[in-house]
Amino acid sequence: MSNFLVLQSDFGLDDGAVAAMRGVAYTVNPGLEISDLTHGIEPYNIFEGSYRLLQTVQYWPKGTVFVSVVDPGVGSERRSIVAKLRTGQYIVTPDNGTLTHVDHFLGIEEVRVINEIKNRLPHSEESHTFHGRDVYVYNAAKIATDEDYFYQLEELIAKENLEFIELDEPYIDDEGAVRGMIDILDIRFGSLWTNIPSSLLREAGIKPNDTVEIIIRKDGVKQYHNQILFGTSFADVPRGEVIGYVNSLINFGVAINQNNFSKVYGIGTGRAWTIEVRKK
Amino acid sequence: MSNFLVLQSDFGLDDGAVAAMRGVAYTVNPGLEISDLTHGIEPYNIFEGSYRLLQTVQYWPKGTVFVSVVDPGVGSERRSIVAKLRTGQYIVTPDNGTLTHVDHFLGIEEVRVINEIKNRLPHSEESHTFHGRDVYVYNAAKIATDEDYFYQLEELIAKENLEFIELDEPYIDDEGAVRGMIDILDIRFGSLWTNIPSSLLREAGIKPNDTVEIIIRKDGVKQYHNQILFGTSFADVPRGEVIGYVNSLINFGVAINQNNFSKVYGIGTGRAWTIEVRKK
Amino acid sequence: MSNFLVLQSDFGLDDGAVAAMRGVAYTVNPGLEISDLTHGIEPYNIFEGSYRLLQTVQYWPKGTVFVSVVDPGVGSERRSIVAKLRTGQYIVTPDNGTLTHVDHFLGIEEVRVINEIKNRLPHSEESHTFHGRDVYVYNAAKIATDEDYFYQLEELIAKENLEFIELDEPYIDDEGAVRGMIDILDIRFGSLWTNIPSSLLREAGIKPNDTVEIIIRKDGVKQYHNQILFGTSFADVPRGEVIGYVNSLINFGVAINQNNFSKVYGIGTGRAWTIEVRKK
């Protein structure tokens with residue numbers, strides 16, 4: 001067994017929620033190795049939770065158990081589930097779309113349902129608003145201790161019955177431009193991370209060191225339009241200049257060398273924010 | 001031995017203070033398992049430090065040693081102490097009120113004093129402003145290594161001689177309304193956590209699914225007045241609506257489903273902020 | 001082997017970057033003990049990264065491997081290096097000045113270069129902007145597993161060939177005043193940490209409980225001028241009063257008891273901010 005448990009939530013680190021979860025896990029098994037993915041997910045932002053799992057899960061050993069608690073529907077009828085990924089890791093989460101990116105890009109092997117009444121922290125019956133502590137980390141600790149626990153969860157459900165977020169697919173349009181959306185930010189640096197894989201740029205004939213034209217729109221309205229270098233890393237342009245690059249997930253990104261693109265140009269993320277890239 | 005060491009402070013995570021404490025602990029015993037409770041306590045806010053211990057301590061294995069450094073009086077005559085709780089955990093802290101909630105709700109079994117001159121990190125004599133590193137975590141690591149170290153601390157003191165914060169007790173008034181205060185926030189979500197236990201609501205005849213009238217006052221002046229559902233979880237009301245509920249410490253809470261009550265209505269915490277709940 | 005790995009960066013904790021690094025390290029060796037120094041270094045601020053290493057490294061066991069990724073030049077020609085300190089710890093970092101303080105105050109024993117093409121996370125060749133994950137933590141995990149890996153890194157370089165930040169030395173001027181700069185803040189509390197060691201104050205005849213005159217200038221222009229107590233700890237003055245003291249690195253500091261000097265008086269850090277201290 002790997003014994004690795006990795007926690008993600010929108011709880012922040014400024015109160016006792018995460019520490020209570022850790023205590024529950026260590027009480028189940030003092031030998032666990034617990035890490036945090038992040039607890040800085042924007043409150044209720046399921047898309048962001050889904051994306052951060054994709055960004056990290058694959059770098060962890062097979063058998064690692066992730067807990068992701070972005071759970072606006074806590075206490076409602078939404079199911080509590082565990083997915084085993086094709087890459088060998090587990091994710092324990094509410095069934096609310098959090099598995100969208102890992103399903104799309106890594107693949108889910110099997111999903112089981114946690115019975116919230118039977119499989120919960122003993123003596124937590126009166127508590128209905130902190131399933132992270134009472135249900136998710138408790139069950140996750142058991143799986144991280146022994147994978148058989150996963151297979152003993154009774155209800156197996158078909159992937160088709162899960163909640164997923166609708167994802168927009170990037171594509172090459174009739175004029176040869178690559179079109180996608182801005183998924184998320186490299187938060188501290190304000191670089192834009194798009195949903196356009198480097199392979200799609202290649203397919204469109206865009207190669208490193210090409211100059212590309214990029215247009216960023218919000219709800220169809222142009223917000224930023226420029227010709228930039230499609231470089232390899234930030235230092236390929238002088239400090240303060242814009243650069244296109246392949247990010248650490250091998251998707252197209254846009255940054256300012258040693259500054260914050262998102263702040264400087266007021267660019268956001270999500271479905272409303274689209275990007276068009278064409279060779280110049 | 002549990003070997004668990006859990007650190008709390010008002011130091012934040014943006015400089016090297018917490019990492020220096022971890023290094024000292026691992027130097028005492030490389031086999032310790034160190035976690036953070038939170039380092040986001042508001043600077044000098046002893047009440048918050050006391051509350052966060054109550055929120056978490058009981059979820060950790062017996063023998064776990066907590067270090068809490070909210071220490072405006074560092075270097076003064078205030079004592080450095082270790083409390084063993086009835087629930088089996090230890091807390092190492094300045095004697096400044098930090099033990100108030102755990103004493104009141106969990107119970108302290110025994111308290112001993114750390115001799116700051118004799119029992120400190122070797123070669124740290126010139127340093128007088130970082131007892132977190134030089135005194136607290138150093139001694140805590142020794143207790144987490146071997147509980148006997150606690151019993152070898154020479155000075156045993158009576159609980160009555162400790163510093164405590166005055167706590168206001170919730171009660172049912174002559175007209176049958178439950179009256180309490182707003183202790184703290186569920187920070188990321190802005191939900192109000194009161195000092196009213198769910199048992200006191202029951203005693204006042206308030207049951208889940210009742211409609212209740214709540215009045216929130218600051219220094220006696222009304223700030224918020226409404227009739228709300230006393231529900232089970234946030235999803236019992238539509239998004240954006242206010243709900244009363246039982247929180248994860250089994251006390252009465254007030255939230256907006258998927259929004260931030262504290263921000264939307266400008267409600268704060270502490271003794272000045274009282275709440276009155278009555279059945280409608 | 002110590003097996004201790006300690007991570008520092010300017011990545012923040014709000015996305016998946018740090019968790020991806022941890023996963024890579026545990027994949028190299030599931031038995032590592034990983035901690036964070038801080039990930040709150042101001043983006044691109046190499047001086048701060050250098051200082052935080054000095055503040056913490058010496059409190060960790062010999063053999064501990066630190067990773068510091070403040071790396072504005074990622075993907076450029078700047079070298080990736082590992083330094084072994086005289087105090088027995090290792091630091092894996094870009095060669096950009098991050099080693100300045102540890103070299104000056106603790107001493108570097110030996111420095112080797114990481115071949116970024118040969119010694120990197122397998123299958124990470126397409127990624128050029130996240131050497132923290134693909135190069136630094138990967139190599140650091142190998143050193144933390146087996147110190148021999150350090151000695152097998154082929155290229156040994158002379159310390160003289162490293163990038164260093166120019167440091168201003170504190171001194172006693174012709175009139176007996178001690179002159180230095182404000183290195184950094186005790187962030188949460190806003191206390192000023194200067195580069196003046198307590199030994200230099202002693203040399204200038206300044207003793208605890210003396211009253212001292214301090215002048216703080218920015219680019220030579222006076223910003224703050226007062227006579228204050230050179231005390232031992234904050235509680236030596238009433239709440240709200242200014243005090244000079246010896247901080248936890250045994251340098252001169254300036255604070256307000258239970259308030260934030262930096263915010264109250266608008267004082268910053270860095271070479272432009274100088275301080276003069278004289279006995280009154």
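Chain letters run A, B, ... following the sequence lines, proteins first, then strands; residues in each count from 1.
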Enquirer: Any donor and acceptor pair, going by atom type alone, linking the side chain of R133(B) with main-chain N or O of S248(C) inside 3.5 Å?
Expert: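 Yes, because the side chain of R133(B) sits within donor-acceptor range (under 3.5 Å) of the backbone of S248(C).
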Enquirer: Picking from S233(C), S191(C), G12(C), G231(C), which has the most non-hydrogen pairs under 4.5 angstrom with chain B?
Expert: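 Most heavy-atom pairs under 4.5 Å with chain B: S233(C).
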Enquirer: Tell me, yes or no, whether the heavy-atom count around K159(B) atom NZ, taken from other residues, nucleotides or ligands under 6.0 Å, exceeds 12.
Expert: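 Enclosed.
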Enquirer: Can you tell me which portion of V74(B) sits under 4.5 Å from chain C's heavy atoms? Options are side chain, backbone, both or neither.
Expert: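 Both parts, backbone and side chain.
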Enquirer: Could you go through L121(B) and Y59(C), starting from their C-alpha distance and side-chain angles, then the distance that decides it, and tell me whether this counts as side-chain contact (heavy atoms from CB on, under 4.5 Å)?
Expert: CA-CA 10 Å; L121(B) 179 67; Y59(C) 292 98; 3.8 Å; yes
Enquirer: For chain B, which residues of residues 96-109 of chain C have at least one non-hydrogen atom nearer than 4.5 Å to it?
Expert: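 Residues qualifying by a heavy atom under 4.5 Å from chain B are absent, so none.
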Enquirer: Any ring pair (Phe, Tyr, Trp, His ring centres under 6.0 Å) pairs touching residues 18-40 of chain B, not counting sequence neighbours?
Expert: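 Sorted result for residues 18-40 of chain B: Y26(B)-F4(C), Y26(B)-W60(C).
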Enquirer: If I measure from the heavy atoms of chain B, does I250(C) come under 4.5 Å with its side chain, its backbone, both, or neither?
Expert: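 For I250(C), side-chain heavy atoms alone lie under 4.5 Å from chain B.
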Enquirer: Could you name the residues of residues 254-262 of chain C that have a heavy atom within less than 4.5 Å of a heavy atom in chain B?
Expert: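 The stretch touches chain B at N257(C), Q258(C), N259(C).
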Enquirer: Below 4.5 Å, heavy atoms only, C-beta onward: do D10(B) and F189(C) meet side chain to side chain?
Expert: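 Yes - at least one pair of side-chain heavy atoms lies under 4.5 Å apart.
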Enquirer: Inspect the surroundings of CD1 in I117(B) and state if more than 12 heavy atoms from other residues, nucleotides or ligands are less than 6.0 Å away.
Expert: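 No - once you tally the heavy atoms of other residues, nucleotides and ligands closer than 6.0 Å, there are 12 at most.
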Enquirer: Where does L13(C) contact chain B at under 4.5 Å (heavy atoms): side chain, backbone, both or neither?
Expert: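 Only the side chain of L13(C) comes within 4.5 Å of chain B.
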Enquirer: If you count heavy-atom pairs under 4.5 Å with chain C, which of A17(B), P43(B), G23(B) comes out on top?
Expert: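 It is G23(B).
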Enquirer: Checking heavy atoms, do the side chain of D36(B), its backbone, both or neither come under 4.5 Å from chain C?
Expert: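 For D36(B), no heavy atom lies under 4.5 Å from chain C.
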Enquirer: Which atoms of S198(C) come close to chain B, meaning under 4.5 Å heavy atom to heavy atom: side chain ones, backbone ones, both, or neither?
Expert: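 Interface part for S198(C): side chain.
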Enquirer: Measure V6(C) against the heavy atoms of chain B and call it side chain, backbone, both or neither at under 4.5 Å.
Expert: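 Neither part.
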Enquirer: Can you tell me if CZ on R271(C) sees more than 12 non-hydrogen neighbours from other groups inside 6.0 Å?
Expert: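 Check passes, neighbour count above 12.
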Enquirer: Using a heavy-atom cutoff of under 4.5 Å, enumerate the residues of residues 124-131 of chain B that contact chain C, numbered in order, or state 'none'.
Expert: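 Only E126(B), S127(B), H128(B), T129(B), F130(B) of residues 124-131 of chain B have a heavy atom under 4.5 Å from chain C.
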Enquirer: Taking atom NZ as the centre, does K218(B) end up with more than 12 heavy-atom neighbours from other residues, nucleotides or ligands that are less than 6.0 angstrom away?
Expert: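 Counting other residues, nucleotides and ligands, NZ of K218(B) stays at 12 neighbours or fewer.
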Enquirer: Checking E42(C) against chain B: side chain, backbone, both or neither under 4.5 Å from a heavy atom?
Expert: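 Neither part.
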Enquirer: Drop me the distance from R22(B)'s CZ to E33(C)'s CD, to the nearest 0.5 angstrom.
Expert: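 So the CZ of R22(B) and the CD of E33(C) are separated by 8.0 Å.
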Enquirer: Heavy-atom distances under 4.5 Å only: say whether I34(B) touches chain C with side chain, backbone, both or neither.
Expert: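 Interface part for I34(B): neither.
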Enquirer: Quick one: which of S76(B), G40(B), G73(B) has the most heavy-atom pairs under 4.5 Å with chain C, could you say?
Expert: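 Highest number of heavy-atom pairs under 4.5 Å: G40(B).
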Enquirer: Are the side chains of P72(B) and F234(C) in contact, using a 4.5 Å heavy-atom criterion?
Expert: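 Sidechains of P72(B) and F234(C): no contact.
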Enquirer: Taking side chain as C-beta onward, heavy atoms only, is D15(B) less than 4.5 Å from Y51(C)?
Expert: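 A side-chain contact is absent here, since even the closest heavy-atom pair is not under 4.5 Å.
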